[in-house]
Amino acid sequence: MSLENLVNKNVLSQPVYEPGKPIETVARELGLDPAGIAKLASNESPFGSSPKAVAAVKAWVDDAWLYPDGGCYELKNKLAAIRGVAPEQLILGNGSNEIIELLGHTFLGKGDEVIFGSQAFIVYKLVTLLFGAKPVEIPMPQFCHDLDAMARAVTDRTRLIFIASPNNPTGTANTESDLMEFARSLPEHVVFCLDEAYAEYSENPPDLRPLISEGRNVICMRTFSKIFGLAGFRIGYGYASRDMIALLNRIRQPFNVNTAAQVAALAALDDDRFIQDCRTLNHANGKVLADGLRELGLNPVPSEANFLLVEFVNAMEAFHTLQVNGVIVRPLQPYNLPNHLRLTIGTQEQNLKMLNILSDYLLP
Ligand SMILES: Cc1ncc(COP(=O)(O)O)c(C=O)c1O
């Protein structure tokens, strides 16, 4: 019997996530020196990992033979103090990606509906489909989440709503007061997930903790993959009510977050200077990059994160031109944006390289 007859139907119809190409792959395929390639495709931090995290992992590595602390005791306590919640209100994941999947396991079944923006992080859709639920994608005028339209789309079958603010891949954000009002308007059978993957790039990101204290079905997620520079360790977290976290913990695998990730995250949380510097540099570099793109006749969408969404006459041609010259960026067909590229804001040097390639390409 063919395997196709045996598999869960959702697996066969499941779209496949296409990550940004690793530097080594592009170097191999194009015969380039990996050292000269800039990867600006996955919104990783161009400033590397928190040095305190790297030192802590080096000091820990001799203990790698031990299983991790599945309950992430130390890290939860530290995060609880920082976020002002109880340790029982926190769940750690193998990247915040895993928290999205845990939400699917916990709340979604066949026929349920999940609401998110038409240009939202693609994993919301993948997880929705994986659990046999129906994606309800809401158009985003000016690439912003339309909270009124999202509220209007709620039905009896709606179980989850995902909003990232700032949003990937558009870089746009919603205000705290709008998000609060939106969440308070939702009926009790809906769980609202605010994805704060890029929150640290803002000085004052929205704070939805009052909603959690009010007993609303709200979960917020953060990641160590972006400003903390720990994407390779795979670690992120969610905070919500004790009841919601207890449900998610039921289906979490015992050792989902490895010790290196926990050690790195703990140390990175003490690296305030580094995080502040990354935030400041990202702002400064993002401004220079956006100005440079505008000088080339392009019109980047104003961004509150560490990337820019840019429309091209021929986005795939621009993508290939950048790639053969050693800059990897992200095409956005999977986001219904075939004419756009997402450019991670790099170091000054990387951004200049990108601008020079684009200048030769657009203004030959
Ligand atoms: C909006 C958003 N949420 C979540 C994630 C997942 O992050 P991670 O699984 O690395 O924590 C990303 C990664 O790009 C993202 O852009």
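We count ligands from 1, going down the list as the structure has it; atoms in each ligand are counted the same way. This is a predicted model, so every value here is computed, not measured.
- For ligand 1 and Asn97, the ligand atoms under 4.0 Å from any heavy atom of the residue are 6 (C), 9 (O).
- Using a 4.0 Å heavy-atom cutoff, Gly236 is absent from the residues neighbouring ligand 1.
- The N/O atoms of Ser42, backbone and side chain alike, include none that comes under 3.5 Å of an N/O atom in ligand 1.
- Heavy-atom distances between Arg234 and ligand 1 reach below 4.0 Å in at least one pair.
- The distance criterion of under 3.5 Å between nitrogen or oxygen atoms is not met by Tyr124 with respect to ligand 1.
- Between Phe228 and Phe224, the two ring planes are tilted [angle within 30° to 60°].
- Counting only distance, with no hydrogens or angles, the side chain of Asn217 and the backbone of His189 share no donor-acceptor pair below 3.5 Å.
- The line from CG of Asn351 to NZ of Lys353 is 12.0 Å long, rounded to the nearest 0.5 Å.
- With hydrogens left out, the protein atom closest to atom 14 (O) of ligand 1 is Lys226 NZ, 2.9 Å, a heavy atom.
- At the shortest separation from atom 12 (C) of ligand 1 among protein heavy atoms lies Phe121 CZ, 3.4 Å.
- Residue contacts with ligand 1 for Asn168 involve side-chain atoms from C-beta outward but no N, CA, C or O (heavy atoms, distance under 4.0 Å).
- Taking 4.0 Å as the cut-off between side-chain N and carboxylate O, Asp148 and Arg152 do not count as a salt-bridged pair.
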Begin from the C-alpha positions of Tyr198 and Phe307 and carry the test ring pair (Phe, Tyr, Trp, His ring centres under 6.0 Å) through to its verdict.
CA-CA 10 Å; Tyr198 302 94; Phe307 54 85; 5.1 Å; yes
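- Ionic pairing of Arg252 and Glu98 is not present here: no N-O contact between side-chain nitrogen and carboxylate oxygen is shorter than 4.0 angstrom.
- Counting heavy atoms under 4.0 Å from ligand 1, residue Tyr198 touches it through the side chain alone.
- No close placement of the Phe107 and Phe131 rings is indicated, their centers lying 6.0 Å or farther apart.
- Ligand 1 has an N or O atom lying under 3.5 Å from an N or O atom of Ser96, backbone or side chain.
- Near Gly95, meaning under 4.0 Å from one of its heavy atoms, ligand 1 places the atoms 8 (P), 9 (O), 11 (O).
- Side-chain atoms of Arg342 come within 3.5 Å of backbone atoms of Ala41 as a donor-acceptor pair (strictly under, hydrogens ignored).
- In this structure, atom 1 (C) of ligand 1 lies nearest to the protein heavy atom Asp195 OD2, 3.3 Å.
- Taking a cut-off of under 4.0 Å to the non-hydrogen atoms of Ser225, the atoms of ligand 1 that pass are 8 (P), 10 (O), 11 (O).
- Remark: the backbone N or O of Phe143 is paired with a side-chain donor or acceptor of Thr172 at under 3.5 angstrom.
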